[in-house]
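Letters A, B, ... are given to chains in the order of the sequence lines, protein chains preceding strands, and every chain is numbered from 1. Remember, it's a predicted structure, so these values are computed and weren't measured experimentally.
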Amino acid sequence: MTVPHPDAAPPPSAGPTSRVSDFSLMVGTANGTGSQTANTTLLRAIFNMGVPVHGKNVFPSNIQGLPTWFHIRASAEGWIARQAPEIAVAFNPATLHQDAETIPPGGVLILNGDLAGAPQRDDVTTYSIPVKELMADVEATGKIKDYLANMTYLGVVSQLLGIPLDVVRTALEQQFGGRQKLVDANYPVVEKAWQWSEANLEKADPYRIERMDATHDLMLITGNDAAALGSVFGGVTFVSWYPITPSTSLVDAVKTHLSDLRVHDGKPDWSIIQAEDELAAIGMLIGAGWAGARAMTATSGPGISLMAEFTGLGYFAEVPAVIWDVQRVGPSTGLPTRTGQGDVSFAYTLGHGDGRHPVLFPSTAEEAFEFGWKAFDVAEQAQTPVFVLTDLDLGMNTWMSTRFDYPGEPMKRGKVLHGDDIPEGFGRYRDVDGDGIPYRTLPGDPNPEGAWFARGTGHDEDAKYSERADDWIANTTRLAKKFDTIRTLVPAPSIDQVDDAELGVICFGTTIHAIEEARAHLAKQDARFSLLRLRALPINDEVERFIEQHDRIAVIEMNRDAQVAGILRAELPQYAAKIASIAHLDGLPYTRDQIRAWLAPHLDPSLAYEGDPVARETA
Amino acid sequence: MTVPHPDAAPPPSAGPTSRVSDFSLMVGTANGTGSQTANTTLLRAIFNMGVPVHGKNVFPSNIQGLPTWFHIRASAEGWIARQAPEIAVAFNPATLHQDAETIPPGGVLILNGDLAGAPQRDDVTTYSIPVKELMADVEATGKIKDYLANMTYLGVVSQLLGIPLDVVRTALEQQFGGRQKLVDANYPVVEKAWQWSEANLEKADPYRIERMDATHDLMLITGNDAAALGSVFGGVTFVSWYPITPSTSLVDAVKTHLSDLRVHDGKPDWSIIQAEDELAAIGMLIGAGWAGARAMTATSGPGISLMAEFTGLGYFAEVPAVIWDVQRVGPSTGLPTRTGQGDVSFAYTLGHGDGRHPVLFPSTAEEAFEFGWKAFDVAEQAQTPVFVLTDLDLGMNTWMSTRFDYPGEPMKRGKVLHGDDIPEGFGRYRDVDGDGIPYRTLPGDPNPEGAWFARGTGHDEDAKYSERADDWIANTTRLAKKFDTIRTLVPAPSIDQVDDAELGVICFGTTIHAIEEARAHLAKQDARFSLLRLRALPINDEVERFIEQHDRIAVIEMNRDAQVAGILRAELPQYAAKIASIAHLDGLPYTRDQIRAWLAPHLDPSLAYEGDPVARETA
Amino acid sequence: MTRPAALIPNAAGLTKSDYQGAPSTLCKGCGHNSVANQIIQVAFELGLKPEDLIKLSGIGCSSKSPTYFLGMSHGFNALHGRMPSVATGALTANHKLRGLAVSGDGDSGSIGLGQFKHVIRRNLRMVYLIENNGVYGLTKGQFSPTAEDGLKLKYAGTNPFPPVDMCAEALISGAGFVARAFAGDAKQLRELLKAALAYHGTAVIDIVSPCVAFNNDDDSQHSYAYGRANEVPLEDIGWVPPREDITLDDHEPGETRIIELHDGSRIALAKIEEGYDPSDRSAALTRIGRAEANGEVITGLLYYEDARPNLTDSLGLGDTALVDLPEERLRPSREALERVMDRH
Amino acid sequence: MTRPAALIPNAAGLTKSDYQGAPSTLCKGCGHNSVANQIIQVAFELGLKPEDLIKLSGIGCSSKSPTYFLGMSHGFNALHGRMPSVATGALTANHKLRGLAVSGDGDSGSIGLGQFKHVIRRNLRMVYLIENNGVYGLTKGQFSPTAEDGLKLKYAGTNPFPPVDMCAEALISGAGFVARAFAGDAKQLRELLKAALAYHGTAVIDIVSPCVAFNNDDDSQHSYAYGRANEVPLEDIGWVPPREDITLDDHEPGETRIIELHDGSRIALAKIEEGYDPSDRSAALTRIGRAEANGEVITGLLYYEDARPNLTDSLGLGDTALVDLPEERLRPSREALERVMDRH
Ligand SMILES: Cc1ncc(C[n+]2csc(CCOP(=O)(O)OP(=O)(O)O)c2C)c(N)n1
Ligand SMILES: Cc1ncc(C[n+]2csc(CCOP(=O)(O)OP(=O)(O)O)c2C)c(N)n1
Ligand code: SF4
Ligand code: SF4
Ligand SMILES: [Mg+2]
Ligand SMILES: [Mg+2]
């Protein structure tokens, strides 16, 4: 198998003379040097120009000194998938040459001119920034100066792209959240660099930003922030967690929003506990859920592994809980700062013995918000742990988003009985309604009929300890029935069916962005396919129908083991033979061109696209 | 769905007048009352009569005072599956009536005559033992007397079944391992009861034992003991574990055999460490495997859940280790003293992210021994954690077994390089041979070329930390290739193919015993099917061919979620449509009649067998 | 004595039998049963409302026992070693409830040592009982980490490791209520239980609670080994001789009592001397060390202090339990959402 | 000084650079780098054979550091909080090897507290270094359990919980070698490292090792907050100012030194007084308590005792490492199998 360089260029396009608001730019720095401020301000400035834009941070798993790359894609058409960069800003001596090589002929290279051994490429436009010179009269100590130096490329790049200085200034102010002191320290450098660029550089490349009006009703937000906000509007009252990349910022944001919105008479209407590890975090979650709280945690792969035993307890004792898994790359410690979709089958069946858990898949910031509150509804209605599987890409990167819809319905707290409503002879695990979901009571309820003892051991309808075979069968059969009810409670798939399309593609989560772009691209070549985006497991009838109605199915997922394809084949064996898998995981979000190449043979052999690698495919 | 009582009787057979060495007997007592000695001695006595026999202990998860049942099946034809009892020995006041009801018309009820409110059944033969009377002149304190009281039913039952007193005495002596003091205390009671029975009871039932010669070259052994012995002959040097039913006796037996066989100059050639929990147990295992030891642990479901993170590390850092999972019933704490096959899919993919592990399935004591040593060969050859999934039924019950074959080949220690054999520029994860399995070196090796740093983070061929997409792809692709090599290293399936059979049945582990009995039974009715017993995952080509060659496939497994059927469908989607599932778990071993009933519709609708419930079936 | 108590209602209008649970399935004579009985008695005497309290436990014989008392209270039989985290979640979500937790020496000293110490560090308001028998009862006789160095057991052999002292661990982790008791000393145990239930943080009582299956005098006719055929796998012990509960008359502070256990072994209980100052953490550690050196088990309230905030204080919670908040306080307004979005 | 050392071979025929590892990827000025440097120096000075030692660590910035020293030794970067178990397996399978372990305060004090204490209880022969900075470095600034009660951090807020004292924990668990050091006090650290490497059981050194990202004086131009735009998620800290290593001249026993950390905060290091008797476990606990009460960090060898058997002793292992046993000793004979089967 040949393997692509992650930043491999797309095939050279026919040398355009003007690329307006349609390019990809990469900034290479070392982490811990303060470049994030410059990068995010540049992103924000493009956004403020009304141009659709998206940023992806490709950063190392350490704190300071290792190479880090920030990718910005501007696209007037609104595409936001990762795209190999055409412009590189090379400020890291360690990756200077690597970064320069990444650029295709016709691209642009913007160098820190003070770095020794700058690479020479005749086939790209090169600009060199005299950083020291521009910083010469900056009043700051040496270390702060290093930090401010990043402002030079912000100024130069903005000018080269045609972003007016005042737009940059506004972006910088937004970035600093109104802290004038910081703006005052940084802006002069930006201004100086912008003006130097205007005065000294001759624009020789086709890339620029032109004002448009495609962003004015949008926000810029990370998926973790959106998820946090959704959780807060979902009424989360209890959070227990243990720090782990890339989920930490989700909990941080929950705390920020709760502190802002959910304080009553100076007291918090919530608790957040940093546990001693993930075992304790989920233990607290199960305790709080049992007591009646809307309780959540956020973690990533290693945390999920440590939560296996308690998830099984939650399933079997039927305790609501919400677990966000912001996926990074596994197995094992893996790549803590890269993105993937490798925890799906593990989360779906987490815990020894039989058992299945609902798994929600947000794709966008909007959905991260929506599932933030919906996950609690599902968990409390179904009385079971619910996973929300997002990923580093959605969680930590900055996304354009429409404004979020306020939850359209009251909270669904599920079948909870209180006080006098608790019938005589109440049985905690009795299937009163025939949907597999029993009624529960909460500790603290004064009606003694409601008292029951939660346990992970075999039990009868009254929650009493039982080793009887018939009790076991009755209980586990009811749990299976409950899971069928859950099919109707979780978000339904999003389907875009094309008449007469032979191929149906199934995906979930953030891969949708590259897939939609590829789809539009292929449609221009009259290669059409239907698209189903799973928004949750377990699947419902619509998924079955979609598969039934197409000759060929391709499941695209960002893991090696074809996890969702495997689940579909196992659960719909009658259609398994036509369920093909496109599974690829290298830690980086997909590009349109990857998807095109991978889909080509599934669409039609004659479309097979050269020059790009194919994913590992099973069956 | 209707659910069978675990001990539901088979349909009444046409009242035989003589049932020679072909019946099932159940002893109901409370646990902690010393009845195991009587039960095991009875089992042994039947065995010593040359009659094939098997015992199953159905015991509660506590220490003293709860109902416990011991099932003994004698079968001249050699069948050993669980069978609903025709004879009940009812010594537990708490289950007296329940036990009596279990017996079908024509059966036998043997009561402790001192118990009040003895059940009356006209349709069974009832014998009553005057326990107090028989114990009147036994010299012992009150408590020991209670214990010795069990010897009364041993004596009476033996006499009723036609087992001579000297055979019982020998069995008792074997049972006490030659401790004469204990024999002297117990035997007089047995003798007195036997003689009382001969003098006072009139044999009015058809059940008896007749001497034959079917056991003289066999042993009686538990699966855990066999597994332990196999491990000891496999060269285990390091055991780390945490107590959990039903795996504890496996480690106990390893210790016993190691202390017996592997002591050198008064020092142990091994170490066993009782860890503080399963996380630590597997951590130690991974440490020892990395250092070069043949290392194992034994656990059950909850322990497997806690081992998820370390198993992923073992997979990714490529460390050999052997993990015995003696399965009980999950999810969660479940039924700690009941049997099942519910951990298969979880163990196969244990850990977050991608990853697959070899899983071995012994069915018999012979195989428990064989896999005991083979598991180390697989683990060291493949440099990866290997699971052996047995169950409570095999592990803790007493099985007849042929004598074990001494390992026929030297130990396969895999690709380990030492000293001067380590090449310059050695790369720990380089696929030198093209089989996906790299070479490893061990700590302590004096050749500095061999030093490497094991880690669960992304790494390149030299084991150096890497976040590069190409390194990740290369490494995980090689791991997938290695898994294909593992297909050839694990035990191949055992296949019995019938010409022109339309149905192929796939099973694994201890369900084989009921399936083989049902198969013989069905064959008499000319209902034939092919049988494939998986001995390991991953599957090899033979499994694919078997499935290909049959019109219909039924996978029988003792869990609810059709776990192995799901794996086969996912991995062989082209055949998934014909892979049906028979999945049923209630904690008790299957009976022939259950299997017959479940298979009937798969064989031919006209064979459908009434009176017995069907298992939960998927698809 | 028990008869009338079972019938005469207490301040909560309940009789003693209302505080009972399901019949015990533990061994006859197990120390854990004595503890359960004293819990029932204390709850009755205090006039405790069953709904004001939750029962919590891990896994083990000891952890089974909450089934056998306070049947009208909610409870959670959690996972092995992980009860403290479940307690933390439940008692934070509803800080109006009291927690009464029962764990074992294996449950809290082995697999659960980390959670034991971290819950104490957070000072969750709960009574934390450790029914300490030096062995794993439910898995049949392995050493637990509290077993003495050099202890010999028929099954487990000789213990080479020093014991974990649960009281010393609690002290080092900052517990403000640390006591040791003996399951058979009903009066002292009841007093400690009452004090613990009134405590505002984590109240730890390490209760020596003998296991009757831990009975290993090989040659005695009373012994466990006698009844056990040595080839029967230990997982399925044949015979546990039923025993009487060990009970102890009241004895004086400062006095040492020698108690004979079921297996004939002896334990020296030293009731803490009058005038002992339980407010000095360092002194408590030293006193424990001295008792150990003397081969005694010191009982009584070893340390008491109530200055440290409990977890509810640290979290700054208000009067209403989180689980009782109305929807208006759980879901901020539409305007609030708009305001937050405006900042993005 | 370093130059010649790098070139002149030691008793093992190796130069100092042979003990180096990969270049550090930790922050400039991180205390963990200082510790790595002293390990290199000590290994060189002792003439240690790289193959006689294995490096072990958990997860964290601290746990990354074994990559940066002794590149010619085998090593295992294990899981978060679980290094002790991996060490136990490896050093039991091959008890001829020495173990040198590096962990962090989060790694050993939080998720790993149970394993930390249980490995000490077993007395595995290994050097156990805790690079203690009171925070989770790698996940960016949360409190670890060793953070002082009341400590204020910009990100984490105010810590409401009492600190876990790793030395006190080690003492209570029975450690026979317990020391505290400061990453910047090279000479003392080297002495302690040498003694620890010679110790026959678990030698614990709790090393105060400042984190330069733990720098939170909000208004100072030097501060971390200055460079960090407050909307950049903390997961991706924008700027960590590079710092010089903190180094400390030798100071006298009994003397207290005030050290200024990168963020301008101060730490009082009290070097343990001459004449201090490190053989009294109780006194060591009391001395730690006193230092804490004085707001000092006491450094030096707090406790030393070598009577207790180490794990290898307890297991009764012979001279040959288990991994070096020949096949004849691993697989008993055919006859042995027959003999065992005859008994069944
Ligand atoms: C994760 C896990 N590992 C192991 C077990 C098996 N197990 C059940 S109880 C127990 C020990 C209990 O000992 P202790 O807490 O001292 O309680 P006791 O029975 O002595 O009262 C163990 C190891 C389990 N249930 N879960
Ligand atoms: C199971 C698991 N949970 C969480 C993490 C994330 N994580 C990585 S390092 C770390 C904390 C490290 O803190 P410390 O041990 O003090 O090391 P430092 O970085 O401060 O040196 C955490 C929580 C992880 N890797 N694994
Ligand atoms: S085994 Fe021991 S701890 Fe368990 S119930 Fe029996 S006496 Fe009690
Ligand atoms: S974040 Fe702190 S602990 Fe980590 S490398 Fe930087 S200074 Fe060291
Ligand atoms: Mg115990
Ligand atoms: Mg730290």
Side-chain angles (χ1 to χ4, degrees), chain A residues 1 3 5-6 60-61 301-302 304-306 308-309 312-313 315-317 329-335 337-338 340 342-343 345-346 349 351-356 455-458 467 469-470 472-474 476-477 480 559-561 565-566 569-570 573-574 576-577 579 585-588 616 619, chain B residues 1 3 5-6 60-61 301-302 304-306 308-309 312-313 315-317 329-335 337-338 340 342-343 345-346 349 351-356 455-458 467 469-470 472-474 476-477 480 559-561 565-566 569-570 573-574 576-577 579 585-588 616 619:
Chain A
M1 223 195 85
V3 169
H5 183 276
S61 174
I304 294 293
S305 278
L306 290 174
E309 196 189 9
L313 176 66
Y315 170 80
F316 197 56
V329 174
S332 200
T333 311
L335 303 176
T337 60
R338 294 290 185 274
D343 297 341
S345 54
F346 192 58
T349 60
H352 60 277
D354 293 307
R356 295 266 183 279
R455 54 173 85 252
T457 36
E467 294 176 353
D470 51 0
W472 184 266
I473 286 282
T476 54
T477 307
N559 54 55
R560 186 198 63 184
D561 289 343
R569 290 168 183 166
Q574 65 274 38
I579 301 176
L585 170 62
D586 65 10
L588 297 170
R616 178 187 148 78
Chain B
M1 222 194 83
V3 169
H5 184 277
S61 174
I304 295 293
S305 278
L306 291 174
E309 195 189 10
L313 175 66
Y315 171 81
F316 198 56
V329 174
S332 199
T333 310
L335 303 176
T337 59
R338 294 290 185 274
D343 297 343
S345 54
F346 192 58
T349 60
H352 60 277
D354 292 308
R356 294 266 183 279
R455 53 172 86 251
T457 36
E467 294 176 354
D470 51 359
W472 184 266
I473 286 281
T476 52
T477 308
N559 54 54
R560 187 198 62 184
D561 289 344
R569 290 168 182 167
Q574 66 277 36
I579 300 176
L585 171 62
D586 65 10
L588 296 169
R616 182 187 146 81

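- Closest approach of B:V329 to A:W472, counting heavy atoms only: CG1-CZ2, 3.2 Å.
- Heavy-atom distances place the side chain of B:T337, and not its backbone, under 4.5 Å from chain A.
- Among B:G566, B:P302, B:A565, the residue with the largest count of heavy-atom pairs under 4.5 Å with chain A is B:P302.
- A pairwise comparison of heavy atoms in A:D561 and B:G355 identifies OD2-N, 2.8 Å as the closest pair.
- Here B:S332 is the residue among B:A308, B:G342, B:S332, B:G330 with the most heavy-atom pairs under 4.5 Å with chain A.
- Per-residue counts of heavy-atom pairs under 4.5 Å with chain B were compared for A:A317, A:G334, A:P60; the largest is that of A:G334.
- Interface remark: of the candidates B:G458, B:A577, B:S345, B:A577 forms the most heavy-atom pairs closer than 4.5 Å to chain A.
- Using a 4.5 Å cut-off between heavy atoms, B:L306 touches chain A through its side chain atoms alone.
- Of all non-hydrogen atoms in B:T476 and A:R560, the two that sit nearest each other are O-NH1, 3.0 Å.
- Of the listed residues B:T333, B:D354, B:D343, B:T457, the one with more heavy-atom pairs under 4.5 angstrom with chain A than any other is B:D354.
- Applying the ring pair (Phe, Tyr, Trp, His ring centres under 6.0 Å) criterion to A:Y315, with sequence neighbours excluded, gives A:H357.
- Residues B:F346 and A:G351 approach most closely at CE1-N, 3.2 Å, considering heavy atoms.
- Of the listed residues (A:G340, A:G312, A:G587, A:S61), the one with the most heavy-atom contacts under 4.5 Å to chain B is A:S61.
- Heavy-atom pairs under 4.5 Å with chain A were tallied for B:T349, B:L585, B:I304; the largest tally goes to B:L585.
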